[in-house]
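Each chain gets a letter, A, B and so on, in the order the sequences are listed, and its residues count up from 1. Since we're looking at a predicted model, the values are computed, not measured.
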There are 2 protein chains.
Amino acid sequence: MSSRSQAIADILTRAIIDHRLVPGCKLGERELSEIFHVSRIVVRQALIRLADDGLAQIERNRGAFVARPSMQEAMEIYDALTLVEQGVAAQLSERLGPAGWAELRQHVERQRQAVAAGNDALADVLGQEFHTVFVRLSRNKVMQEIHAQLVRRTTLLRSLITADFDYCNLLDDHSRIVDLLEKGRLKPAMDLIDAHHRSVVRGYIMDRQVFPELTPRDALEPYLDGKTGEAPKSLSQTQIKTGEKDEPGMHRHVHASR
Amino acid sequence: MSSRSQAIADILTRAIIDHRLVPGCKLGERELSEIFHVSRIVVRQALIRLADDGLAQIERNRGAFVARPSMQEAMEIYDALTLVEQGVAAQLSERLGPAGWAELRQHVERQRQAVAAGNDALADVLGQEFHTVFVRLSRNKVMQEIHAQLVRRTTLLRSLITADFDYCNLLDDHSRIVDLLEKGRLKPAMDLIDAHHRSVVRGYIMDRQVFPELTPRDALEPYLDGKTGEAPKSLSQTQIKTGEKDEPGMHRHVHASR
DNA sequence: AACCACAGGATTGGATATCAATCAATGAGA
DNA sequence: TCTCATTGATTGATATCCAATCCTGTGGTT
């Protein structure tokens with residue numbers, strides 16, 4: 001239904017947020033066109049979409065690369081995300097009906113069960129999804145799209161950073177946010193959202209390659225073939241350990257919750 | 001410096017927010033490629049950028065059209081804009097230094113002088129710019145871009161709607177918002193931002209063609225030639241009166257302030 | 001050895017021609 | 001008048017070609 005360049009942009013986006021394509025990775029037109037069996041022009045259109053989304057940067061006559069956000073930009077992205085979610089929280093605290101609160105609680109409960117079952121990969125996905133569900137309940141598609149874009153960019157950031165905090169402290173944040181909001185305690189809820197994001201950002205150390213660099217051909221291989229758009233195996237199971245020794249304060253786990 | 005498709009996307013964006021290209025207007029690839037003397041491919045890339053920005057919509061095998069947002073979407077855009085500006089207001093009320101407040105006051109003063117001088121066109125531009133300056137002071141480029149996109153879309157909306165309120169009531173809103181924020185009275189300021197936008201939306205009646213439809217060739221003519229990107233004459237001076245009689249409650253002035 | 005200049009290769013940005021797929025309008029026939 | 005098929009126009013996409021630019025490697029110079 002959609003154009004082919006959109007489909008390719010979607011695949012590239014997926015590969016980037018799956019950390020299979022890491023920041024700085026060259027996205028050559030010829031190489032991608034051979035991988036996807038399309039013409040260079042279609043690839044170029046896809047890259048334009050990625051660049052507009054902030055996931056790639058195009059340098060004239062040099063080509064496209066997976067975006068490598070600066071520390072400054074990383075902070076700005078998290079600030080923007082906080083701003084959006086705080087605003088949505090304020091709207092929901094006034095307008096959300098019982099069914100909405102129930103949906104949020106149900107989502108938190110599913111995540112809790114995943115954590116209890118030790119399924120970190122599922123917990124991680126649910127943890128991310130919570131924010132998306134949260135914004136969806138505002139019933140504002142424009143806001144949803146803005147938020148989704150910001151989330152994609154934060155996911156990209158995680159290819160570049162090393163979190164040295166204990167993520168277990170964040171596990172209950174979602175639940176507490178829902179509690180506070182439903183009770184109408186907006187200000188504490190907004191502060192908690194801020195703290196939720198700040199605690200993720202605080203220990204960030206950039207200029208490290210957290211994920212191993214794959215060639216585009218290897219990185220994109222799982223998404224091809226089927227054409228069904230089926231989810232490739234979660235990276236948390238196929239993740240490759242890099243050769244370098246772990247440094248102090250460097251953890252290799254994925255975040256179970258943001 | 002930038003690619004040609006970006007330059008063309010910029011021109012089309014400009015033409016749309018100047019209301020020279022009205023919603024629903026067909027943006028044929030062949031026609032545009034002849035107008036700009038570029039190939040269809042460059043035009044297509046420009047149209048992709050516009051579509052990503054929400055200013056155009058591309059229908060498969062049918063082509064691109066200037067976006068015609070629904071009433072629902074119009075409300076969502078204004079809600080999102082309110083959310084963003086309220087969030088920025090909250091940040092500024094904590095973090096903005098004296099120089100920042102001075103810049104805002106200076107801007108308001110310039111607009112006041114323009115109104116006093118009867119220069120409605122300049123006042124309109126300054127009124128729009130206020131919101132941009134406001135967000136720029138947050139020093140968050142990511143947020144700035146999101147906000148700028150929302151502003152562009154609200155500008156597009158004004159091609160579709162007829163305001164039947166007395167815009168004089170809004171003239172002092174900017175000034176009062178600055179006053180309240182500088183005094184640390186955040187809540188009233190946020191309420192005023194909300195009211196500011198709501199008062200614009202309230203009387204909106206869609207499904208009217210406020211601006212006359214021009215062919216793309218006529219609409220884009222002022223932007224070509226010079227290649228200097230110079231501002232074409234403001235529409236408020238070249239605006240053409242449509243043949244149809246004014247209906248009750250239908251004003252043809254441009255907004256002096258949002 | 002270090003440094004600079006230049007040539008060649010590789011890649012991107014873009015133009016043109018061409019073809020297939022799809023939509024819309026037109027017109028023939030019941 | 002209504003229905004259906006054909007035709008024309010437009011888009012989506014490809015292949016090929018060319019110019020501009022960047023990177024690199026070589027070679028000469030200090």
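Side chain of Glu29(B) to backbone of Arg40(B): no donor-acceptor contact under 3.5 angstrom is found. Of the possible donor and acceptor atoms, none in the side chain of His147(B) sits under 3.5 Å from a partner among the backbone N and O of Thr132(B).
For Arg40(B) against dG14(C), no side-chain N or O and base N or O form a donor-acceptor pair under 3.5 Å.
In terms of position along DNA chain D, the nucleotide closest to Leu27(B) lies nearer the 5' end than the nucleotide closest to the other residue of the pair Asn61(A) and Leu27(B).
dC23(D) atom C1' lies 17 Å from atom CZ of Arg60(A), rounded to whole Å. Going from atom CZ of Arg30(A) over to atom C1' of dC17(D) covers 12 Å, rounded to whole Å. Between Arg4(A) atom CZ and dA20(C) atom P the separation is 15 Å, expressed in whole Å. Per the geometry, NZ belonging to Lys26(A) stands 10 Å off P belonging to dC23(D), to the nearest Å. Straight-line distance from the CZ atom of Phe65(A) to the P atom of dC22(D): 12 Å, rounded to whole Å. The separation between Glu31(B) atom CD and dA9(D) atom P is 15 Å, rounded to whole Å. The distance from atom CZ of Phe36(B) to atom P of dA15(C) is 13 Å, rounded to the nearest whole Å. Look at CD on Glu59(B): it is 12 Å from P on dT11(D), rounded to the nearest Å.
Closest to the Val42(B) side chain, of the nucleotides dT21(D), dG12(D), dG14(C), is dG14(C). In the set dG13(C), dT22(C), dT16(C), dT16(C) carries the atom at the smallest distance from any side-chain atom of Ile41(B). The side chain of Glu29(B) approaches dG12(D) more closely than any other nucleotide in the set dG13(C), dG14(C), dG12(D). Side-chain proximity of Ser3(B) to the nucleotides dC23(D), dA15(D), dG14(C) is greatest for dG14(C). Here the side chain of Val38(A) is nearest to one of dT14(D), dA15(C), dC22(D), namely dT14(D).
Here CG of Leu21(A) is found 12.5 Å from CZ of Arg14(A). Values are rounded to the nearest 0.5 Å.
Considering only side-chain N and O atoms, Arg44(B) lies under 4.0 angstrom from the phosphate OP1 or OP2 of dG12(D). In this model, the phosphate group of dC23(D) is approached by a side-chain N or O of Arg62(A) to a distance below 4.0 Å at OP1 or OP2.
For the side-chain contact (heavy atoms from CB on, under 4.5 Å) criterion with Leu27(B), the lone passing option out of Val43(B), Ile58(B), Val66(B) is Val66(B).
Put simply, the side chain of Val142(B) does not reach to within 4.5 Å of the side chain of Asp79(A), judged on heavy atoms.
Using a 4.0 Å heavy-atom criterion, one finds that Ile58(A) contacts the sugar-phosphate atoms exclusively.
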